[in-house]
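Positions are given from 1 along the sequence.
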Amino acid sequence: MTTLLALDTATEACSVALLHDGKVLSHYEVIPRLHAQRLLPMVQTLLAEAGVPLSSLDAIAFGRGPGAFTGVRIAIGVVQGLAFALERPVLPISDLAVLAQRAHREQGATQVASAIDARMDEVYWGCYRLLDGEMRLAGTEAVLPPERVTLPRDASGAWYGAGTGWGTHGARIPVQPYGQSPDLLPHAEDLLALARFAWARGEALPADQAQPVYLRDNVATPKAPK
């Protein structure tokens with residue numbers, strides 16, 4: 001049986017999840033600015049509860065962004081440290097996809113427009129459709145002003161809105177969802193669900209390829225002196 005660890009710190013939420021013997025355990029907390037202190041203890045507590053040693057892991061999945069620069073880096077730092085030490089591969093998963101998967105799990109949504117507040121008057125945006133239990137990207141992920149987001153060209157039917165972008169910029173988004181969860185944050189349980197599909201497809205990568213995806217080229221880049 002496959003044993004996978006998943007963790008996410010890309011937003012205000014900090015969460016970890018474990019798949020072992022076909023069972024899933026998870027811990028989830030909304031703790032802004034405390035991710036660095038809490039992530040490893042959460043991992044250790046979860047493994048202890050399951051009675052699973054680190055050496056039993058087959059791979060480690062993580063939220064690769066988009067999200068908060070510092071948060072995404074915290075997850076990647078921990079993942080690389082564990083993966084290098086254990087000589088295990090990693091599974092990078094989009095946080096926009098994780099949001100869509102959570103909206104499917106909690107709301108039964110099959111078409112989800114995920115939007116994360118990207119600051120700088122923009123949103124991280126991605127649209128997903130359910131296929132065989134997995135929320136899959138339709139189109140591309142992007143960072144845009146709220147007024148410029150669109151559904152996929154072949155979009156039809158009703159769409160559900162998920163994520164903080166709907167809370168901060170919903171009135172400016174030119175998409176009318178049939179329902180929305182504007183406070184929804186990524187959860188490692190849903191990241192784990194997507195990681196299982198990725199693992200089955202052979203998409204695991206070496207630890208040194210655990211890289212963030214910010215969608216914005218100038219994140220945390222200092223301005224050139226005048």
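- For R102 and Y28, the positive end sits near the middle of the six-membered ring, less than 6.0 Å away and at most 45° from its axis.
- In this structure, S94 contributes its side chain and A97 its backbone to a donor-acceptor pair below 3.5 Å.
- Side-chain contact between V112 and W159: absent, with no pair of heavy atoms (C-beta onward) separated by less than 4.5 Å.
- For the residue pair E141/Y128, the side-chain donor-acceptor check at 3.5 Å is satisfied.
- Between the side chains of Y124 and S114, no donor-acceptor pair of N or O atoms lies under 3.5 Å.
- Across all their heavy atoms, S55 and R88 have their closest contact at O-NH2, 2.7 Å.
- Residues P174 and V149 are in side-chain contact: their nearest non-hydrogen atoms beyond the backbone lie under 4.5 Å apart.
- Summarising the geometry, atom CD belonging to Q107 is positioned 3.5 Å from atom OH belonging to Y160; distances are rounded to the nearest 0.5 Å.
- Residues L86 and L54 approach most closely at CD1-O, 3.7 Å, considering heavy atoms.
- In this structure a side-chain-to-backbone donor-acceptor pair under 3.5 Å is missing from W199 to A61.
- Remark: side-chain polar atoms of Q101 are paired, donor with acceptor, to backbone N or O of M135 under 3.5 angstrom.
- A single hydrophobic cluster is not seen to contain both L57 and L192; linkage of ILVMFWY side chains at heavy-atom distances under 4.5 Å, directly or through other members, places them apart.
- Residues R33 and E12 are not in side-chain contact: their nearest non-hydrogen atoms beyond the backbone lie 4.5 Å or more apart.
- With E29 contributing its side chain and H35 its backbone, the two residues share no donor-acceptor pair below 3.5 Å.
- Side-chain atoms of D117 do not come within 3.5 Å of backbone N or O of G165 as any donor-acceptor pair.
- H20 and T3 share a side-chain donor-acceptor pair at under 3.5 Å.
- Between A83 and V90, the shortest heavy-atom distance links the atoms CB-CG1, 3.7 Å.
- V52 and V43 fall within a single hydrophobic cluster, where Ile, Leu, Val, Met, Phe, Trp and Tyr side chains are chained together by heavy-atom contacts under 4.5 Å.
- A side chain to side chain contact (heavy atoms under 4.5 Å, CB included) with P66 holds for exactly one of V123, T11, L96, V72; it is L96.
- A donor-acceptor pair under 3.5 Å is absent between the side-chain atoms of R136 and the main chain of L130, judged by distance alone.
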Chi angles and distances behind the side-chain contact (heavy atoms from CB on, under 4.5 Å) call for R172, D121
CA-CA 11 Å; R172 298 165 56 192; D121 212 32; 2.8 Å; yes
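- Both L40 and L18 belong to a common hydrophobic cluster when Ile, Leu, Val, Met, Phe, Trp and Tyr are linked at side-chain heavy-atom distances under 4.5 angstrom.
- The minimum heavy-atom distance between G163 and L99, with the atom names listed, is CA-CD1, 3.9 Å.
- Interatomic distance, I60 CD1 to L4 CG, rounded to the nearest 0.5 Å: 10.0 Å.
- In this structure, D21 contributes its side chain and K23 its backbone to no donor-acceptor pair below 3.5 Å.
- Once rounded to the nearest 0.5 Å, the distance linking CG of L5 with CG of L82 reads 7.0 Å.
- Atom-to-atom distance recorded for S26:OG and L7:CG is 12.5 Å, nearest 0.5 angstrom.
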**Report entry** H27/S15 under side-chain contact (heavy atoms from CB on, under 4.5 Å): CA gap, chis, key distance, verdict
**Finding:** CA-CA 5 Å; H27 285 184; S15 59; over 6 Å; no
Just do the side-chain contact (heavy atoms from CB on, under 4.5 Å) check on E106 and H187 with the steps written out, would you? CA-CA 11 Å; E106 295 184 350; H187 194 307; 5.5 Å; no
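- A 4.5 Å side-chain heavy-atom check between W166 and S181 finds every atom pair outside the cut-off.
- Rounding to the nearest 0.5 angstrom, the gap separating the CD atom in E122 from the CZ atom in R148 is 8.5 Å.
- Atom-to-atom distance recorded for D190:CG and L184:CG is 8.0 Å, nearest 0.5 angstrom.
- Counting heavy atoms from C-beta outward, R73 and P212 have side chains that approach closer than 4.5 Å.
- The backbone N or O of A207 sits less than 3.5 Å from a side-chain atom of Q80, completing a donor-acceptor pair.
- Listed here is the closest heavy atom pair of D95 and A10: OD2-CB, 3.3 Å.
- At least one donor-acceptor pair closer than 3.5 Å links the side chain of W125 to the backbone N or O of T150.
- In summary, E134 and R196 do not engage in a salt bridge, as defined by a charged side-chain N under 4.0 Å from a carboxylate O.
- Sorted by first and then second residue, the pairs that involve residues 150-161 and meet salt bridge (charged side-chain N to carboxylate O under 4.0 Å, His left out), not counting sequence neighbours, are R129-D154.
- Annotation: side chain of L205 is not in contact with side chain of P89 (no heavy-atom distance under 4.5 Å).
- The two residues L191 and G63 make their nearest non-hydrogen contact at CD1-N, 3.2 Å.
- Partner of E189 under the side chain to side chain contact (heavy atoms under 4.5 Å, CB included) criterion, out of V16, V98, L25, V24: V24 alone.
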Exercise. side-chain contact (heavy atoms from CB on, under 4.5 Å) between F62 and L91: does it pass, once the steps are laid out?
Worked result: CA-CA 6 Å; F62 66 97; L91 293 158; over 6 Å; no
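- Although no hydrogens or angles enter the test, the distance criterion places a donor-acceptor pair under 3.5 Å between the side chain of T45 and the main chain of P41.
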